[in-house]
2 protein chains.
Amino acid sequence: MSRPRNTKQRQLILEVLRGTTAHPTADWVYQQVRAVLPNVSLGTIYRNLGVLKEQELIQEVRYPGSQARFDGNPEPHYHFFCLNCDRIEDVPLPFCRDAEEAFRQKLPEYEVMGHNTEFFGLCPDCKDLAERREQ
Amino acid sequence: MSRPRNTKQRQLILEVLRGTTAHPTADWVYQQVRAVLPNVSLGTIYRNLGVLKEQELIQEVRYPGSQARFDGNPEPHYHFFCLNCDRIEDVPLPFCRDAEEAFRQKLPEYEVMGHNTEFFGLCPDCKDLAERREQ
DNA sequence: GTACATGCAAATTATTTGCAACAGG
DNA sequence: CCTGTTGCAAATAATTTGCATGTAC
């Protein structure tokens with residue numbers, strides 16, 4: 001276990017992630033950071049995303065057919081994934097752990113540490129588009 | 001929209017996935033299929049996994065830090081992901097759509113088509129190991 | 001001063017694709 | 001036959017790593 005340092009690269013990556021709700025990819029973060037530190041490398045981005053994840057300051061979100069996405073909010077919360085435009089949004093519903101409790105009751109031999117839930121479907125924009133196309 | 005054919009490669013890939021509960025990677029499927037059809041290529045595996053997904057005969061499961069995994073059971077159900085050994089298991093709890101309904105009530109401008117939930121923690125084997133190590 | 005971190009580039013991993021030959025319906 | 005599919009190999013995309021140098025503490 002090493003103690004991570006507060007490099008300006010790492011601070012900036014965290015700021016970038018905290019400053020958006022778009023759940024961006026590593027490459028998007030890279031572009032943003034590069035606007036401030038033009039010599040930063042993509043390797044540094046990936047290494048720091050890994051460190052920040054280990055420190056539980058950020059989360060990684062995955063969805064089939066999409067590359068890794070990052071979330072500056074480390075608290076458990078729901079995500080919505082738009083099947084049409086690949087957008088990921090936060091869902092303003094309270095995070096409910098009832099299912100975890102049911103799991104522990106039924107299968108006590110497991111250690112359940114948490115769960116992720118992603119809803120999927122069409123975001124308002126894509127739903128509108130789809131409805132217009134139908135007519 | 002083209003009509004897929006029943007090639008022996010595709011049939012076999014589906015059988016392999018239906019014959020395991022291990023949620024294997026594309027490469028594992030490749031090894032299994034190759035035991036029967038030695039000339040099959042990995043490209044064929046990936047192409048067919050894509051087709052089978054589109055036909056909703058299989059599912060793809062993703063978890064941070066792990067490559068794509070495939071599930072021969074296309075019905076919505078819960079997964080458990082072991083943080084220590086990367087194993088994915090099915091969870092024998094009834095699939096509950098209450099959260100989807102709550103989502104629709106609160107955000108009717110979205111079209112919610114479903115949701116995925118993965119629990120995570122330690123499987124029985126890894127929990128035992130961890131407990132023994134603690135002593 | 002001593003790790004940890006960086007930039008750079010090369011390496012690795014995972015997945016996709018072009019194409020000529022093949023095969024299912 | 002016609003068109004979807006295959007095997008092969010090369011290409012692409014995503015991510016990781018080795019290493020000499022730089023920098024936080």
Side-chain angles (χ1 to χ4, degrees), chain A residues 1-17 22-71 81 86 88, chain B residues 1-17 22-71 81 86 88:
Chain A
M1 296 285 170
S2 54
R3 62 226 70 202
R5 291 176 184 168
N6 283 334
T7 63
K8 56 183 183 304
Q9 288 88 343
R10 186 169 305 145
Q11 282 169 8
L12 188 49
I13 289 167
L14 186 53
E15 274 171 43
V16 164
L17 280 177
H23 306 82
T25 62
D27 200 69
W28 189 91
V29 174
Y30 174 51
Q31 306 301 338
Q32 299 303 113
V33 171
R34 208 153 61 139
V36 180
L37 302 172
N39 293 318
V40 77
S41 79
L42 196 47
T44 294
I45 303 296
Y46 275 105
R47 273 183 294 232
N48 279 309
L49 289 170
V51 172
L52 292 168
K53 242 196 317 174
E54 267 177 43
Q55 301 188 122
E56 299 182 74
L57 293 171
I58 67 172
Q59 293 190 245
E60 182 180 340
V61 187
R62 292 229 118 194
Y63 203 85
S66 161
Q67 56 181 293
R69 312 271 281 262
F70 298 88
D71 188 339
F81 188 90
D86 269 28
I88 297 178
Chain B
M1 294 281 173
S2 54
R3 60 228 71 203
R5 290 175 185 169
N6 284 334
T7 62
K8 55 182 185 303
Q9 288 87 343
R10 186 170 304 146
Q11 281 170 7
L12 188 49
I13 290 167
L14 186 53
E15 274 172 42
V16 163
L17 280 176
H23 306 81
T25 62
D27 200 69
W28 189 92
V29 174
Y30 174 52
Q31 306 302 336
Q32 298 304 112
V33 171
R34 207 152 63 138
V36 180
L37 302 173
N39 293 318
V40 78
S41 79
L42 195 47
T44 294
I45 303 296
Y46 275 105
R47 273 183 294 229
N48 279 308
L49 289 170
V51 172
L52 293 168
K53 242 196 316 175
E54 267 177 43
Q55 301 189 120
E56 299 183 76
L57 293 170
I58 67 172
Q59 292 190 246
E60 182 179 341
V61 188
R62 292 231 118 193
Y63 204 84
S66 160
Q67 56 181 293
R69 312 270 281 261
F70 298 87
D71 188 338
F81 188 90
D86 270 25
I88 297 178

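Below, read A as the first sequence line, B as the second, and so on, with proteins coming before strands; counting in each chain starts at 1. Predicted, not measured: the structure shown is a model, and the values here were computed from it. All values below come from the heavy atoms of this structure, side chains included, with hydrogens, waters and symmetry mates left out.
Contact annotation: side chain of B:Arg47 to base of D:dG7, donor-acceptor pair present below 3.5 Å. Contact of A:Arg5 with C:dC4 (side chain to base): a donor-acceptor pair of N or O atoms is detected under 3.5 Å.
In this structure, A:Trp28 and A:Val16 have side chains that are in contact, with non-hydrogen atoms separated by less than 4.5 Å. For the pair A:Thr25/A:Phe70, no side-chain contact is recorded, criterion being any heavy-atom separation below 4.5 Å from C-beta on. The closest side-chain heavy-atom distance from B:Tyr63 to B:His23 is not below 4.5 Å.
Of all nucleotides listed (C:dT15, D:dG7, D:dT15), D:dG7 comes nearest to the side chain of B:Ser41. Of the candidates C:dG7, D:dT23, D:dT5, the closest approach to any side-chain atom of A:Val40 belongs to C:dG7. The side chain of B:Ser2 lies closest to D:dG4, out of D:dT6, D:dG4, C:dC8. Of the listed nucleotides (D:dA14, D:dT6, C:dA14), D:dA14 has the atom at the smallest distance from the side chain of A:Tyr46. Side chain of A:Thr44, nearest nucleotide from C:dG7, D:dG4, C:dA14: C:dG7.
With DNA chain C read from its 5' end, the first of the two nearest nucleotides for B:Ala26 and B:Lys8 is the one closest to B:Ala26. Place B:Arg10 and A:Leu42 on DNA chain D by their nearest nucleotides, and B:Arg10 ends up nearer the 5' end.
If you take CG of A:Asn39 and P of C:dG7, they are 7 Å apart, rounded to a whole angstrom. B:Leu37 places its CG atom 17 Å from the P atom of C:dC22, with the value rounded to the nearest Å. Spacing between atom CD1 of B:Ile45 and atom C1' of C:dT15 amounts to 13 Å, rounded to whole angstrom units. If you measure from atom CZ of A:Arg62 to atom C1' of D:dA13, you get 12 Å, rounded to the nearest angstrom. Taking atom OH of residue B:Tyr30 and atom P of nucleotide C:dT16, one finds them 16 Å apart after rounding to whole Å. Atom C1' of nucleotide D:dC25 and atom CG of A:Asn6 are separated by 10 Å, given to the nearest angstrom. We find that CG of B:Asn48 is positioned 14 Å from C1' of C:dT15, with the value rounded to whole Å. To the nearest angstrom, P of D:dT6 lies 11 Å from CG of B:Leu12.
Residue contacts shown for A:Gly43 include a base, since a base heavy atom lies under 4.0 Å away. Heavy atoms of A:Arg69 sit nowhere under 4.0 angstrom from any nucleic acid atom. Contact annotation for B:Asp27: no contact, since no heavy-atom pair falls under 4.0 Å across all strands. Within 4.0 Å (heavy atoms only), A:Arg34 reaches no atom of the nucleic acid at all.
Look at A:Thr7 and you won't find any side-chain N or O under 4.0 angstrom from OP1 or OP2 of D:dT23. Contact check, A:Gln67 against D:dT15: a side-chain N or O comes under 4.0 Å of OP1 or OP2.
Here the shortest heavy-atom pairing between B:Ile58 and B:Leu49 reads CD1-O, 3.6 Å. For the pair B:Ala68 and B:Glu60, the tightest heavy-atom approach, listed with the atom from each and the gap, is CB-OE2, 3.4 Å.
Judged by distance alone, with hydrogens and angles left aside, the side-chain atoms of B:Arg10 form no donor-acceptor pair with the main-chain N or O of B:Asn48 at under 3.5 Å.
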